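These figures come from a predicted structure and were not determined experimentally. Side chains are part of it too, since the values below use all heavy atoms of this structure and drop only hydrogens, waters and symmetry mates.
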Amino acid sequence: MIDKQQVKIHFSKNASSYDYYAKVQKLMAHTLIDFILKEGKIVSSPKSILEIGCGTGYLTNLLTELFPNSHITAVDIAPGMISKMKSKLVSENIDFICGDIEEIKLDNTYDLIISNATFQWFNNTSATIKKLYSALNPKGILCFSTFGNHTFFELRQCFNMITTEMCINDTFQPSQHFYTLEDLYKLCTSASKLGLSQCKSSIYFKEILQPEHFNSCKDFFLSIKKVGANNSNKSKRCTSPLFIKKVMDYYDKTFKENNKVKATYHCIFVNMIK
């Protein structure tokens, strides 16, 4: 389970550094836009857009450039992110809501519901997808990106290795749970309540393994912290300095390429047309 209060605190605290460190998230935003244009078959500007997890507004800005006459409702759980976004984007066509989309009651319907790198922070993804799909207008689009189960596989390998080496009985998770592509397919087909043949013509998936390189594991950890994506699991986490040092040393030794260490993001994109 995700501790939403911790998520709120972490992202608010690091709103000022998010744009500098969120390199993969920015690439995902552009891929998401391409995905709705190609697979969403948008032929005219959506009148109403709901953006979930707007952060500092990078995707929001892309949407305003692409659909200048659309009205956008931008939602984020972290007040610090909303404040940062308001300082960058001033438009009569944007409304801001600071809140948890899993808890917010949606009274309106939308032509496009879009979210970049946010669904991995949900505790009840199935119910939330159903709620969002239900809030689409006829022929509306729900398009989102999230991180898949291969994300940070290098870090998980290091955790497992050092756990064994130190004879630690407890299993520590270095990050929150990430869905497989198959998991998301089942969740989306269930939410849409469509038959198999209909799903194939109205739900599209795409996945990318996106590496990012750092000078060291320490810098990799810093980048996670500086975007606010700290481990916010309610389950037990290892805070032993010796354990973390051994993990970092093993990471630097095992996953170095051309004097840089690699961290892999498994980016999954989903496009649902109602």
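Ring geometry, Y179 versus H177: the interplanar angle exceeds 60°, so the pair is classed perpendicular (tilted spans 30 to 60°). Aromatic ring orientation, F255 versus F153: perpendicular (interplanar angle above 60°, classes split at 30° and 60°). Taking the six-membered ring where the residue is Trp, Y185 and F205 present tilted rings, their angle falling between 30° and 60°.
Centroid-to-centroid, the aromatic rings of Y265 and F147 come within less than 6.0 Å. A distance below 6.0 Å separates the ring centres of F220 and Y251. In summary, the aromatic rings of F214 and F221 are positioned with their centroids too far apart to meet the 6.0 Å limit.
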Requested in this report: Would you sort out whether T264 and E154 count as a side chain to side chain donor-acceptor pair (under 3.5 Å), showing the intermediate values?
Outcome: CA-CA 7 Å; T264 301; E154 302 94 343; 2.5 Å; yes

Requested in this report: Could you give me the CA-CA distance, side-chain angles and deciding distance for N258 and H213, then say whether side chain to side chain donor-acceptor pair (under 3.5 Å) is met?
Outcome: CA-CA 10 Å; N258 299 320; H213 294 87; over 6 Å; no

Requested in this report: May I have the step-by-step check of side chain to side chain contact (heavy atoms under 4.5 Å, CB included) for H71 and D95, ending in yes or no?
Outcome: CA-CA 8 Å; H71 182 273; D95 289 332; 2.9 Å; yes

Query raised in the report: Please walk me through it: do D252 and S216 pass side chain to side chain donor-acceptor pair (under 3.5 Å)?
Result: CA-CA 6 Å; D252 287 339; S216 65; 5.0 Å; no

Query raised in the report: What do the steps show when you test I33 against L37 for side chain to side chain contact (heavy atoms under 4.5 Å, CB included), and what is the final call?
Result: CA-CA 6 Å; I33 291 293; L37 293 178; 4.1 Å; yes

Requested in this report: List the steps and the verdict of side chain to side chain contact (heavy atoms under 4.5 Å, CB included) for L50 and N108.
Outcome: CA-CA 10 Å; L50 173 64; N108 299 320; over 6 Å; no

Report task. Dump the intermediate steps for side chain to side chain contact (heavy atoms under 4.5 Å, CB included) on K274 and I141, then the final yes or no. Result -> CA-CA 6 Å; K274 194 166 187 179; I141 298 170; over 6 Å; no

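Salt bridge K4/E103: absent, no basic N to carboxylate O contact under 4.0 Å. Note on K47 versus D111: no salt bridge recorded, every NZ/NE/NH1/NH2 to OD/OE distance being 4.0 Å or above.
When every heavy atom of Y250 is checked against every heavy atom of Q157, the shortest pair comes out as OH-NE2, 4.2 Å. Closest non-hydrogen pair, L32 versus S115, comes out as CD2-O, 3.4 Å. In plain terms, the two heavy atoms of V24 and E212 that are nearest each other are CG2-OE1, 3.5 Å. Looking at every heavy atom in both residues, I208 comes nearest to K206 through CD1-CE, 3.8 Å. Between I49 and S70 the shortest heavy-atom distance is CD1-CB, 3.7 Å. Considering all non-hydrogen atoms of both residues, Y58 and A29 come closest at CD2-CB, 3.9 Å.
Legend: residues meeting salt bridge (charged side-chain N to carboxylate O under 4.0 Å, His left out) with E257, ordered by chain and number and at least two apart, are K262. For T64, the side-chain contact (heavy atoms from CB on, under 4.5 Å) partners are N61, I72, I94, not counting sequence neighbours.
From I114, atom CD1 reaches atom CZ of F35 across 11.0 Å, with rounding to the nearest 0.5 Å. In this structure, S240 OG and I168 CD1 are separated by 7.0 Å, a value rounded to the nearest 0.5 Å. A distance of 13.5 Å separates NZ in K218 from OG in S223, rounded to the nearest 0.5 Å. The OG1 atom of T128 sits 6.0 Å away from atom NZ of K131, with the distance rounded to the nearest 0.5 Å. Put simply, CD on Q5 and CD1 on I77 are 8.0 Å apart, with the number rounded to the nearest 0.5 Å. Note that the OG atom of S12 and the NE2 atom of H10 stand 10.5 Å from one another [nearest 0.5 Å].
Y21 has its side chain out of reach of I224: every pair of non-hydrogen atoms, C-beta onward, lies at least 4.5 Å apart. Counting heavy atoms from C-beta on, the side chains of E207 and F269 never come closer than 4.5 Å. Contact annotation: the side chain of V247 approaches that of F159 to within less than 4.5 Å [non-hydrogen atoms, C-beta and beyond]. Looking at heavy atoms from C-beta onward, L136 lies out of side-chain contact with I273 at the 4.5 angstrom threshold. Between C217 and D249, every side-chain heavy-atom pair lies at or beyond the 4.5 Å cut-off. Counting heavy atoms from C-beta on, the side chains of N230 and Q6 never come closer than 4.5 Å.
Under the 3.5 Å distance criterion, the side-chain polar atoms of N124 are matched with a main-chain donor or acceptor of A127. A distance-only check finds no donor-acceptor pair linking the side chain of S45 to the backbone of F67 [under 3.5 Å]. Side chain of D76 to main chain of G55: a donor-acceptor pair is present (N/O by atom type, distance under 3.5 Å, no hydrogens or angles). A donor-acceptor pair is defined here as one N or O able to donate and one able to accept, closer than 3.5 Å; such a pair exists between the side chain of N123 and the backbone of I2. H266 contributes no side-chain N or O that, together with a main-chain N or O of T151, makes up a donor-acceptor pair within less than 3.5 Å.
Side chains of S145 and N116: a donor on one and an acceptor on the other come within 3.5 Å. For the residue pair D183 and T180, a side-chain donor N or O sits within less than 3.5 Å of a side-chain acceptor on the partner. Between the side chains of K260 and N215, at least one donor N or O sits under 3.5 Å from an acceptor N or O.
Hydrophobic clustering (ILVMFWY, side-chain heavy atoms < 4.5 Å, transitive): F119 and L27 are in distinct clusters. Residues V75 and I9 do not share a hydrophobic cluster, clusters being chains of Ile/Leu/Val/Met/Phe/Trp/Tyr side chains in contact below 4.5 Å. Two different hydrophobic clusters hold L209 and V270 under the rule that ILVMFWY side chains link at heavy-atom gaps under 4.5 Å. Under the 4.5 Å side-chain heavy-atom criterion for ILVMFWY residues, a single connected hydrophobic cluster contains both I104 and I129.
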Scan the side chains in residues 78-90 for donor-acceptor partners under 3.5 Å anywhere in the protein, sequence neighbours excluded, and list what turns up.
unit_1: S83; atom_1: OG; unit_2: P79; atom_2: O; d: 3.1
unit_1: S87; atom_1: OG; unit_2: K84; atom_2: O; d: 2.6
unit_1: K88; atom_1: NZ; unit_2: D19; atom_2: OD2; d: 2.9
unit_1: K88; atom_1: NZ; unit_2: T56; atom_2: O; d: 3.1

